[in-house]
Q: 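Have a look at the structure that comes next, please.
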2 protein chains.
Amino acid sequence: MATLKDIARALDLSITQVSRALNDHSDVNEETRLRVKATARAMNYHPNASARKLVSGRSGMVGLVVPQYRNIGQDRLFMEVVAGLSTQFSGRGMQFVLHMMAEHEPALPVYQKLIGTAMLDGFVLIDPMEQDPRIDFLRKAGICFVVHGRSGKVIDYPYFDIENEQLAYDLTAHLTQRGHRRIAFLNGRADRSYVTVREQGYLRALRDGRGEVLPHLHLNGDMDEAHGLTDTIRLFSGDAPRPTAIVCGNVRLARGVYQGLEALGLSVPGDVSVVAHDDELPALRASAFFPSLTVTKSPLRDSWEPLADCLAGAIEGKPLGTLQRLGSYSFIERNSVASL
Amino acid sequence: MATLKDIARALDLSITQVSRALNDHSDVNEETRLRVKATARAMNYHPNASARKLVSGRSGMVGLVVPQYRNIGQDRLFMEVVAGLSTQFSGRGMQFVLHMMAEHEPALPVYQKLIGTAMLDGFVLIDPMEQDPRIDFLRKAGICFVVHGRSGKVIDYPYFDIENEQLAYDLTAHLTQRGHRRIAFLNGRADRSYVTVREQGYLRALRDGRGEVLPHLHLNGDMDEAHGLTDTIRLFSGDAPRPTAIVCGNVRLARGVYQGLEALGLSVPGDVSVVAHDDELPALRASAFFPSLTVTKSPLRDSWEPLADCLAGAIEGKPLGTLQRLGSYSFIERNSVASL
DNA sequence: CGGTTTTCCCGAAACGTTTCGGAAAACATA
DNA sequence: TATGTTTTCCGAAACGTTTCGGGAAAACCG
């Protein structure tokens, strides 16, 4: 491996000047800079990340820590995250590193160890809980991170998020405006922060639109087809008042809801209206539903670039204001809603 | 972060002696060693991987580089690899790091860069091709690696593999011994080394058992249900002589074969006998087939431990002889084969 | 021409660890 | 007493990089 010393010797320069030339410092002759960069390339020089990290505190590596949960193999979403972030950081000349925890391993010690060895410049946190302990932990440790979503009340850290409250409001309001009063909400798992936020939007829309607030119509769980199906069956069984419309946290849930309604002999939108939020994961297109599905849409794949931006910015020490981003979404009306 | 210096100061020892104590060197008083280790734990000391790597050449991190191919999201196998290796290396106090390449990015420059920055101690290579260029490249660069499988003729590197030649032989011979003469083989993609090796076993068994060697009965392709289905339809269409038995490279292929045969109105094993190799991936059990499937079985999940062993051993400089392992497999006879 | 600024460069220190080559002390051997 | 041996320790160098503080020479200014 070629080192700075090798280049310096070859060009009869000091190590200092070679380093400064390669890092585009100001006080180096333009012609020298070019010569240095040329020979660096010719000698196939790559800066030693360990040495660099040791002195400057930066290695150019960032990490993602994920738990190894049971269904991760089928989890299309997870691969999206890894592929998307990996690509983004590669494009910035950084290394993206995935660390998978054992199934029920506690997360904090893992971060502890990773921080202790000081190999990484920062972390991407996905799937934040309400009051996520990782955030406190990393902040106290003084490590850079960016959160996909927002957690807790004090939001003084870099994040990328979409307006989950407003999105749930819009979906629900779309239904109240068409006369629906009993609207079910198939939400995600109750411990996730975005789930709480969406619930607030749902409730606000019900209040604004004179919808009925019925606890049994708000359901939490994994947002997959199976839950969409079983939740639907449950909603339309028993004596409790039944909904005339269903808001789904994602399109996978909606797919299950469609199946459940079909099994029950109910039609969309004749008997029940359905709307959903669409992350635009591949292999499940809301427009290809029959009848096609009305959604709020914000492609998940638009998250990776701002996330990488924010983390890279945080590592460079940019001010917090530039490191908090909100993604937009669009409302797409299709054929899955009827007026009452 | 606590450093060696902090511990040394706290115990009024030299940095040298603290380092030696922590690394279990011989010339340190037993009582001192204990004292050092105790305070290290108390101060929550973790050795700085960068500093260590810089001087000793070891960071305790190993990597896996994977291409980001189209269907990786559905690829249960891929997650098995990541989860399995991650767990194994964690258990050895090492960090396992995943690097995902862009979809058609050439691999060698990625390794080049990863090696150049010198953050990793070694690599795990999966899915080797015949004469895989990565092997030559890493060997020339002097980087440790272990291969899941074997590639090329000169096998002078650490690997873990199963006896693919013999396994294909056994499956095929099981059929010739029961009177089958026209035996199809649904093999993997032609560029993989294990595919070539299995083909050799298949052909050897045909020769030994007086089977017919018919090129149109040996098919290559992705080993998924879709290919099993379409290959089966193809085998039983047209004028070419049809097989009486099918050997499948894995259970997913066999699932497709069963579906294809059912669609064609052919019964297993009445009309066609089927055998397969079983990697024991979750969610697809050969014993749950109807009729239950005769297989050679060697669980893929048994690979991760020897792979990690071999790579860790290579990094420690153990001799090559201890770093080459062969996994075993078992033959399980069930109800998918009939005698002619 | 004297003084000031600008341009370009360099030596040395530092980061946290491992390791080489001793070396003091205690103890045994002759 | 002199000589070796073992035990336990330490100073200093090294790994490859960045960066601080300076400094020589050239260019500019009045």
Side-chain angles (χ1 to χ4, degrees), chain A residues 1-37 40 43-61 93 115-121 142 315-317, chain B residues 1-37 39-40 43-61 93 113 115-121 142 315-317:
Chain A
M1 284 299 106
T3 69
L4 284 186
K5 206 198 287 189
D6 300 326
I7 303 180
R9 198 164 23 215
L11 293 173
D12 199 29
L13 280 171
S14 72
I15 294 178
T16 304
Q17 207 57 2
V18 174
S19 170
R20 299 179 66 82
L22 289 174
N23 293 322
D24 287 322
H25 281 241
S26 58
D27 60 353
V28 35
N29 190 318
E30 189 54 32
E31 187 248 334
T32 312
R33 185 200 317 286
L34 262 40
R35 257 171 57 224
V36 169
K37 288 200 172 176
M43 298 176 78
N44 193 24
Y45 170 79
H46 295 266
N48 183 307
S50 300
R52 169 179 282 183
K53 173 90 194 175
L54 203 52
V55 55
S56 73
R58 302 232 199 113
S59 65
M61 305 182 92
I115 292 169
T117 63
M119 299 246 56
L120 302 175
D121 294 348
I315 291 169
E316 285 167 24
Chain B
M1 285 299 103
T3 68
L4 284 185
K5 206 198 287 190
D6 300 326
I7 304 180
R9 198 165 23 217
L11 292 173
D12 199 30
L13 280 172
S14 72
I15 294 178
T16 304
Q17 207 56 3
V18 174
S19 169
R20 300 180 66 82
L22 289 174
N23 293 322
D24 286 324
H25 281 239
S26 58
D27 59 352
V28 35
N29 191 320
E30 190 53 31
E31 187 248 336
T32 313
R33 186 199 318 286
L34 262 41
R35 259 172 55 226
V36 169
K37 289 200 172 178
T39 36
M43 298 176 79
N44 192 24
Y45 169 78
H46 294 266
N48 182 307
S50 300
R52 168 179 282 184
K53 173 88 193 175
L54 203 53
V55 56
S56 73
R58 302 231 199 114
S59 63
M61 306 181 91
K113 207 186 302 179
I115 293 171
T117 63
M119 299 246 56
L120 302 174
D121 294 348
I315 290 168
E316 286 167 21

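Quick note on labels: first sequence line is chain A, next is B, and so on, each numbered from 1.
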Q: Between the base of D:dC9 and the side chain of B:D27, is there a donor and acceptor pair under 3.5 angstrom?
A: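 Yes.
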Q: Can you confirm whether A:M61 sits close enough to A:D121 that some side-chain heavy atom of one is under 4.5 Å from a side-chain heavy atom of the other?
A: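 Counting from C-beta outward, A:M61 and A:D121 never come under 4.5 Å.
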Q: Report the distance from atom CD of A:E30 to atom P of C:dC9, rounded to the nearest whole Å.
A: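 Going from CD in A:E30 over to P in C:dC9 covers 11 Å.
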Q: At under 4.0 Å between heavy atoms, which parts of nucleotides 12-19 of chain C does protein reach? Answer with one letter per nucleotide, 5' to 3': B base, S sugar-phosphate only, - none.
A: B-BBBBBB
Q: Using a heavy-atom cut-off of 4.0 Å across all strands, would you classify B:T32 as base, sugar-phosphate, or nothing?
A: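 It contacts sugar-phosphate atoms only.
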Q: Would you mind reading off the distance between B:L11 atom CG and D:dC9 atom C1', rounded to a whole angstrom?
A: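 Spelled out: CG on B:L11 to C1' on D:dC9 is 14 Å.
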Q: Could you give me the CA-CA distance, side-chain angles and deciding distance for B:T3 and B:N48, then say whether side-chain contact (heavy atoms from CB on, under 4.5 Å) is met?
A: CA-CA 8 Å; B:T3 68; B:N48 182 307; over 6 Å; no
Q: Please, which pairs that meet side-chain hydrogen bond (donor to acceptor under 3.5 Å, both in side chains) have at least one residue in residues 7-18 of chain A, sequence neighbours excluded?
A: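 Of all non-adjacent pairs touching residues 7-18 of chain A, those that pass side-chain hydrogen bond (donor to acceptor under 3.5 Å, both in side chains) are A:D6-A:R9.
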Q: Quick one: side-chain contact (heavy atoms from CB on, under 4.5 Å) partners of A:I15, sequence neighbours excluded?
A: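 Result, side-chain contact (heavy atoms from CB on, under 4.5 Å) vs A:I15: A:L4, A:K5, A:A8.
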Q: Is there a donor-acceptor contact under 3.5 Å from the side chain of B:S59 to the main chain of B:A49?
A: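 Not at all, since once roles are kept as given, no pair shorter than 3.5 Å links the two residues.
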Q: In whole angstrom, what separates A:L13's CG from C:dG11's P?
A: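 After rounding, the gap between these two atoms is 11 Å.
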Q: State which residues pass salt bridge (Lys or Arg N to Asp or Glu O under 4.0 Å) with B:R33; sequence neighbours excluded, sorted by chain then number.
A: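 Result, salt bridge (Lys or Arg N to Asp or Glu O under 4.0 Å) vs B:R33: B:D24, B:E30.
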Q: Starting from the first five and the last five pairs of the helix from C:dC1-D:dG30 to C:dA30-D:dT1, work out the angle between the resulting helix axes, to 10 degrees.
A: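 End-to-end axis angle: 50°.
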Q: Who passes side chain to side chain donor-acceptor pair (under 3.5 Å) against A:S50, sequence neighbours left out?
A: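 A:S50 satisfies side chain to side chain donor-acceptor pair (under 3.5 Å) with no residue once adjacent residues are dropped.
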Q: Using 0.5 Å steps for rounding, measure from the CE atom of B:M43 to the CG atom of B:L11.
A: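 It comes to 8.0 Å.
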